[in-house]
Amino acid sequence: MSLGIVASLGVSLGLTAATILSKGSLEQKKRWLPGLATFEKVGAWAITEPDSGSDAFGGMQTTVRRDGDEYVLNGRKTFITNGPFADTVVVYAKLDDGSPVRDRPVLTFVLDRGMPGFVQASRSRRWG
Ligand SMILES: Cc1cc2nc3c(=O)[nH]c(=O)nc-3n(C[C@H](O)[C@H](O)[C@H](O)COP(=O)(O)OP(=O)(O)OC[C@H]3O[C@@H](n4cnc5c(N)ncnc54)[C@H](O)[C@@H]3O)c2cc1C
């Protein structure tokens with residue numbers, strides 16, 4: 001098996017499903033884990049951004065704010081294994097609570113492929 005396939009399967013199960021398993025509610029686990037555990041669905045796990053790699057949490061620019069009962073996410077991720085074709089994407093974002101950016105809490109969200117406003121680019125233009 002190629003290392004690329006191993007990385008793809010590993011991220012889908014070991015990072016995406018594992019994060020939902022450890023942080024998700026029962027409802028979220030029931031919704032997303034069966035498909036990921038059987039590899040019927042492809043998962044991705046998105047922390048890295050164009051301007052934050054090693055300092056992922058400190059330099060994170062992606063924000064999230066409350067809007068009534070909903071959250072509005074705004075930002076970009078890069079170098080995301082399975083990113084262009086994943087069905088389920090765990091995304092990390094900083095809560096826009098007015099505190100200094102580096103001190104804001106980091107929250108985790110699960111996005112579904114095809115959600116309004118969610119774009120999964122086919123490849124990084126930086127390398128294209
Ligand atoms: C094949 C591949 C798959 C990936 N998949 C994912 C994924 O699925 N999800 C995801 O979120 N990310 C993913 N990434 C991104 C990966 O996590 C980042 O590349 C990594 O965090 C490093 O960030 P960077 O590339 O911006 O390097 P930088 O942070 O710019 O670091 C560049 C170099 O500088 C060094 N350096 C950085 N800061 C310091 C410091 N303070 N002191 C000394 N040295 C320092 C680093 O060790 C490194 O050698 C993937 C990357 C690759 C290559």
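Counting starts at 1 for both ligands and their atoms, in listed order. Just so you know, these numbers use all the heavy atoms, side chains as well, and skip hydrogens, waters and symmetry mates.
The protein atom (non-hydrogen) at minimum distance from atom 9 (N) of ligand 1 is W45 O, 2.8 Å. For atom 16 (C) of ligand 1, the closest heavy atom belonging to the protein is T48 OG1, 3.7 Å. In terms of protein heavy-atom proximity, atom 50 (C) of ligand 1 is nearest to F79 O, 3.2 Å. Scanning all protein heavy atoms for the shortest distance to atom 48 (C) of ligand 1 gives S54 OG, 4.6 Å.
Of all heavy-atom pairs spanning A46 and K77, the tightest one is O-CE, 3.6 Å. When every heavy atom of G43 is checked against every heavy atom of A86, the shortest pair comes out as C-CB, 4.0 Å.
Which of T78, I47, D55 comes nearest to atom 11 (O) of ligand 1 through a heavy atom is settled by distance: it is I47. Closest heavy-atom approach to atom 3 (C) of ligand 1 among the candidates N82, V91, T81, L15: T81.
Under the 4.0 Å distance rule, the nearest protein heavy atom to atom 53 (C) of ligand 1 falls outside the cut-off. For atom 28 (P) of ligand 1, the nearest protein heavy atom is under 4.0 Å away. Using a 4.0 Å threshold on non-hydrogen atoms, atom 37 (C) of ligand 1 counts as touching the protein. Shown here, atom 43 (C) of ligand 1 is out of close reach of the protein: none of its heavy atoms lies under 4.0 Å off. For atom 5 (N) of ligand 1, the nearest protein heavy atom is under 4.0 Å away. Shown here, atom 31 (O) of ligand 1 is in close reach of the protein: a heavy atom of it lies under 4.0 Å off.
Within 6.0 Å of CZ in R113 there are more than 12 heavy atoms belonging to other residues, nucleotides or ligands. A 6.0 Å sphere centred on NZ of K41 holds no more than 12 heavy atoms belonging to other residues, nucleotides or ligands.
Side-chain polar atoms of D112 and W32 form a donor-acceptor pair below 3.5 angstrom. Inspection of the E40 and T38 side chains reveals an N or O donor paired with an N or O acceptor under 3.5 Å. Checking T62 against E49 by side-chain atom types alone, a donor-acceptor pair falls below 3.5 Å.
Hydrophobic clustering of Ile, Leu, Val, Met, Phe, Trp and Tyr side chains at less than 4.5 Å, counting indirect connections, unites L21 with V11.
For R65 and Y71, the positive end is not near the middle of the six-membered ring at less than 6.0 Å and at most 45° from its axis.
Numbered from 1 in the order shown, with element, the atoms of ligand 1 that lie under 4.0 Å from a heavy atom of G53 read 21 (O), 23 (O), 24 (P), 26 (O), 29 (O).
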